[in-house]
Each structure stands twice: as structure tokens, then as C-alpha cells.
2 protein chains.
Amino acid sequence: MRILIVEDDAVLGDGLSVGLRLSGFSPELVDSCADARHAIGMEGFEAVVLDLMLPDGSGLELLRELRQRGSDMPVLMLTARDGLDDRVTGLDAGADDYLGKPFELPELSARLRALTRRAQGRAENLLHWNGLALDTAKMSGQRGAEEIAFSRREFTVLAALMERPGSILSKAALEERLYGWQEDVESNTVEVHVHHLRAKLGSGFIQTVRGAGYRLAPEGAA
Amino acid sequence: MRILIVEDDAVLGDGLSVGLRLSGFSPELVDSCADARHAIGMEGFEAVVLDLMLPDGSGLELLRELRQRGSDMPVLMLTARDGLDDRVTGLDAGADDYLGKPFELPELSARLRALTRRAQGRAENLLHWNGLALDTAKMSGQRGAEEIAFSRREFTVLAALMERPGSILSKAALEERLYGWQEDVESNTVEVHVHHLRAKLGSGFIQTVRGAGYRLAPEGAA
DNA sequence: ACCACCATGCGCATCCTGATCGTCGAGGAC
DNA sequence: GTCCTCGACGATCAGGATGCGCATGGTGGT
């Protein structure tokens with residue numbers, strides 16, 4: 001689960017990175033508004049941990065900007081311990097949650113998990129491709145009248161592919177999606193899951209690009 | 001939509017005001033029973049968010065008074081995290097809904113919206129699925145002529161599932177609903193409650209999705 | 001008495017693992 | 001250019017470990 005951390009204090013930032021990675025997230029650390037804007041533009045993050053005091057501007061500005069662009073990405077604000085005003089303005093600006101410093105890592109990760117869970121509920125949950133509708137809330141797909149069930153790993157792989165239809169995802173990328181931070185598992189699990197998916201979706205649905213990875217077949221193909 | 005907030009904690013009250021305004025309400029904040037009485041007399045509010053502990057009396061008193069005067073204004077109670085008795089007495093006294101602290105703003109506004117909708121359309125607080133009608137005010141269900149009673153925890157789990165019929169809710173999500181995310185309680189309470197629910201509703205009513213969570217069985221199934 | 005929580009053992013779906021087989025494509029010989 | 005060979009990569013399959021979810025009973029609190 002990719003998390004963007006926007007924090008200019010190097011020590012705290014590193015601590016957060018390490019801690020969250022240990023808790024099963026895949027954090028990315030930036031230390032300025034500019035970098036944050038850039039990173040958010042790249043997409044792929046499921047939540048943002050946002051410090052208010054940044055060298056090149058206030059985190060609040062960034063937040064407002066984000067919301068004005070219509071993003072509903074979950075944002076957790078880090079505020080000074082007694083910055084009550086900050087909290088109110090933060091919520092006002094569209095933060096989903098806040099945490100006063102100093103804080104405990106377990107609490108942060110718990111809240112992050114809660115945030116991402118909640119975000120899932122409100123997001124539009126349907127991905128479409130080539131006649132298949134994938135419902136991420138139900139972890140199942142539908143093609144015509146036929147309902148197709150997936151196991152968790154199968155679903156994870158398929159969802160990753162359908163989020164970027166047509167683009168090639170390397171096996172390493174898919175592995176990271178399956179296992180997150182952890183070391184690369186030495187085996188061919190991805191291939192096996194793709195195999196199972198093809199059994200359910202038809203052998204043409206997922207194409208393999210030799211030496212590069214997998215992608216969804218162009219629409220119109222079987 | 002004008003909402004009256006009765007809350008004596010300044011920080012929480014402010015947060016509520018801001019948050020609800022964000023969500024499109026027009027909240028008014030008072031911090032005592034006396035002010036609340038006065039404000040309600042002015043009419044014009046569509047719902048009340050009522051804290052139980054107030055400096056000049058219990059919110060329960062206020063609630064009872066209100067109902068005795070024949071008002072059917074929607075009231076959402078805020079209760080302490082483990083104030084289970086409070087909830088029961090609160091519902092008895094005529095509250096339409098309750099929310100344990102700490103709570104999430106999005107949930108509060110969602111519930112408020114539901115409350116006002118309900119009051120408007122006189123729609124009942126009933127959730128339907130597969131022949132079961134769940135009355136969220138009475139904490140009980142009905143299937144055909146048979147009335148089914150649930151314990152609080154059972155009800156909470158069931159209501160969560162029925163609010164998103166067909167969606168998969170992870171155990172973590174259900175735990176959050178039960179305990180309001182603090183520490184993840186290391187135990188299998190959710191499983192046990194599901195077990196009890198299945199005993200009352202039939203083993204097919206709630207499906208388990210291995211590695212993911214639980215969901216209601218598709219309609220038409222047992 | 002009821003309800004909620006915790007602990008334990010078991011059964012089984014799921015996923016991993018590793019071996020084997022199939023396939024693709026580059027390069028060389030003719 | 002055509003064919004062949006070979007190496008690398010991917011597909012497939014089956015056995016087996018893992019860990020999840022279920023059932024059940026016990027304990028404590030209300």
C-alpha cells in the first residue's frame with residue numbers, strides 16, 4: 001500500500017518511513033511541497049501523511065489545492081501537539097484525520113489503515129475492460145450474466161492490471177503489489193496466479209510481453 | 001440544513017462545527033442544556049447532535065423533555081466509547097441514532113444525512129436483504145412473521161454488513177465498527193459474533209471470503 | 001441468565017514451491 | 001533468405017506447508 005509522506009524534518013521523516021515499512025506499507029518520502037505536488041501527480045498513492053510546516057510553503061495550501069482539483073485522496077495531517085487551530089483549519093481544508101506530535105507509530109499506522117479502508121468504501125469500485133466489470137468491493141467480476149469469483153491473490157493481480165489497462169506491469173511490480181515491501185519471493189507465484197486468471201477469463205485476456213511483464217489484451221480481442 | 005450541536009467540550013464542538021459545515025450542513029453550536037432548550041424553541045433545526053454529559057444537566061433529560069413535548073426532531077446522541085448503557089437508555093429516551101466517541105466526521109455526517117432523510121420522507125430505518133428486515137432503531141430483525149432479536153455486538157456487525165449489501169467487509173473494518181479503532185484487539189470476537197449471527201439467520205446468510213472478510217450472500221440464496 | 005471475550009484444536013482452502021515441459025527468438029551455417 | 005540449434009523465459013502441474021476460519025468451552029462481567 002503506497003503512502004506518500006510529506007515531512008521536512010529528516011529524522012522524523014526517516015523514522016516514519018522505516019516504521020511504516022515495517023507495518024506493511026510502502027512509504028515514499030518527500031520533504032517539500034514542490035516534490036509532493038510532483039509525486040501526487042504521478043498517482044499510485046493510496047494516502048498522504050502531511051506535515052503542516054514545510055520549507056517552501058504550508059501543507060494546508062497543498063491540501064486545499066488538492067481538494068480543489070477534486071482529489072479525494074485520504075490525507076492525514078501531522079500537527080503540533082497543541083495546534084488546535086491547525087486542526088480545525090486542517091479539517092476545514094479537507095483533511096480526513098489528524099495526529100498531534102509527538103505520536104506513536106502504531107497509532108499512525110492504525111489510523112492510516114482506517115483511512116484507506118474508509119476511502120475504499122466511498123470510491124467508485126468498478127473497473128471495466130473488455131466486457132469484464134471488476135467490483136473491487138466485492139472482489140468479484142462480472143461478464144455478461146456470469147459472475148466470476150477470485151481468490152485474494154488472483155484478485156490483487158487482476159486489479160493491478162485493470163487499474164492501468166493496456167500498460168505493461170513487470171513481474172516485480174506485481175510481486176510488490178502482492179507482498180508489499182518484503183523481499184522478493186524466489187518463485188514464480190505471479191506466473192501461477194496469471195495462469196489461474198487465464199483459466200477463469202480465457203487465455204487471451206491477459207497477454208504476456210516477453211521479458212517485460214503482463215498486460216491486458218487490447219479491447220476487442222478475446 | 002440547520003443542525004444544532006449540543007456539546008460542552010470546546011475543541012470537539014469546534015471540530016464538529018467546522019466539519020459539518022464542510023459537509024454542507026449549517027451547524028449551530030451551544031454548550032449547555034439551557035442554551036439548547038432555547039435554541040430548539042426557535043425552531044428551524046432539522047436535527048440535533050446531542051452530547052450526554054453537559055455542565056448543567058444530562059442530555060438525556062433534555063431528550064426526554066423534547067419527546068414529551070411531542071417533538072419528533074431527529075436526535076443523534078454522542079456517547080462515551082464504552083457507554084453501552086447510555087446508548088440503550090438513549091434509544092429508550094427517544095434518540096434516533098447514536099455514535100460512540102471517538103468517531104469519524106464522515107460517519108457523523110453520513111448518519112445525519114440519513115436521519116434527516118428519514119425524517120423527511122418518513123422513511124423507516126429499515127435495512128432489507130434477502131427477506132430479512134433489520135430495524136436499526138429497535139435493534140431487531142424480522143423475517144416473515146418471525147421476530148429475531150440480536151445482542152448489541154451481533155447487531156452492530158449485522159448492520160454494518162447490511163449497509164453495504166454484497167460488499168466484503170474485512171474483519172478489521174468490522175472491528176473498527178465495534179470498537180472504534182484504537183488498538184486492534186487480538187482475538188476472534190468478530191468470528192464468534194458471525195458464528196452467532198449464522199445460528200440465528202441460517203448458515204448461508206453471511207458468506208465468508210477467505211483472506212478478505214465477510215459479506216452478505218447474494219439475494220436469492222438461502 | 002446473558003453477553004462478550006479469549007483460548008484451543010482441527011479441517012481445509014489457498015498459496016507457495018520446485019520440477020518439468022513448452023515456446024519464443026536470436027544467431028550462425030548453408 | 002531459410003533452416004537449425006540453443007539458451008532463456010514462461011506455462012503448467014502436483015505435492016505440501018501455511019495459516020485462516022470455525023467450533024466449542026471456559027471465564028468474567030453486567
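Per chain, numbering begins at 1; letters A, B, ... match sequence-line order. All figures in this text were calculated on a predicted structure; none of them were measured in a lab.
The one candidate from A:Ile148, A:Leu134, A:Val194 that meets the side-chain contact (heavy atoms from CB on, under 4.5 Å) condition with A:Leu158 is A:Leu134.
Distance, A:Phe155 CZ to C:dT14 C1': 17 Å, rounded to whole Å. As a whole-Å value, the separation of A:Leu178 CG from C:dT14 P is 16 Å. Here the P atom of nucleotide C:dA4 and the CG atom of B:Leu174 are 15 Å apart, to the nearest Å. Residue B:Phe205 contributes atom CZ, which lies 16 Å from atom P of D:dC22 at whole-angstrom precision.
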Protein-nucleotides 23-27 of chain D N/O pairs under 3.5 Å:
from, atom 1, to, atom 2, distance (Å)
D:dA23, OP2, B:His195, ND1, 2.6
D:dA23, N6, B:Asn188, ND2, 3.1

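A donor-acceptor pair shorter than 3.5 Å cannot be found between the side chains of A:Thr189 and A:Glu175.
At D:dC22, none of the side-chain N or O atoms of B:Arg210 fall inside 4.0 Å of OP1 or OP2 (strictly under the cut-off). Residue B:Lys171 places at least one side-chain N or O under 4.0 Å from the OP1 or OP2 atom of D:dG21. OP1 or OP2 of D:dC22 lies within a sub-4.0 Å distance of a side-chain N or O belonging to B:Tyr214. A close approach under 4.0 Å does occur between a side-chain nitrogen or oxygen of A:Ser151 and OP1 or OP2 of C:dC15.
The shortest side-chain heavy-atom distance between A:Val30 and A:Ile5 does not fall under the 4.5 Å cut-off.
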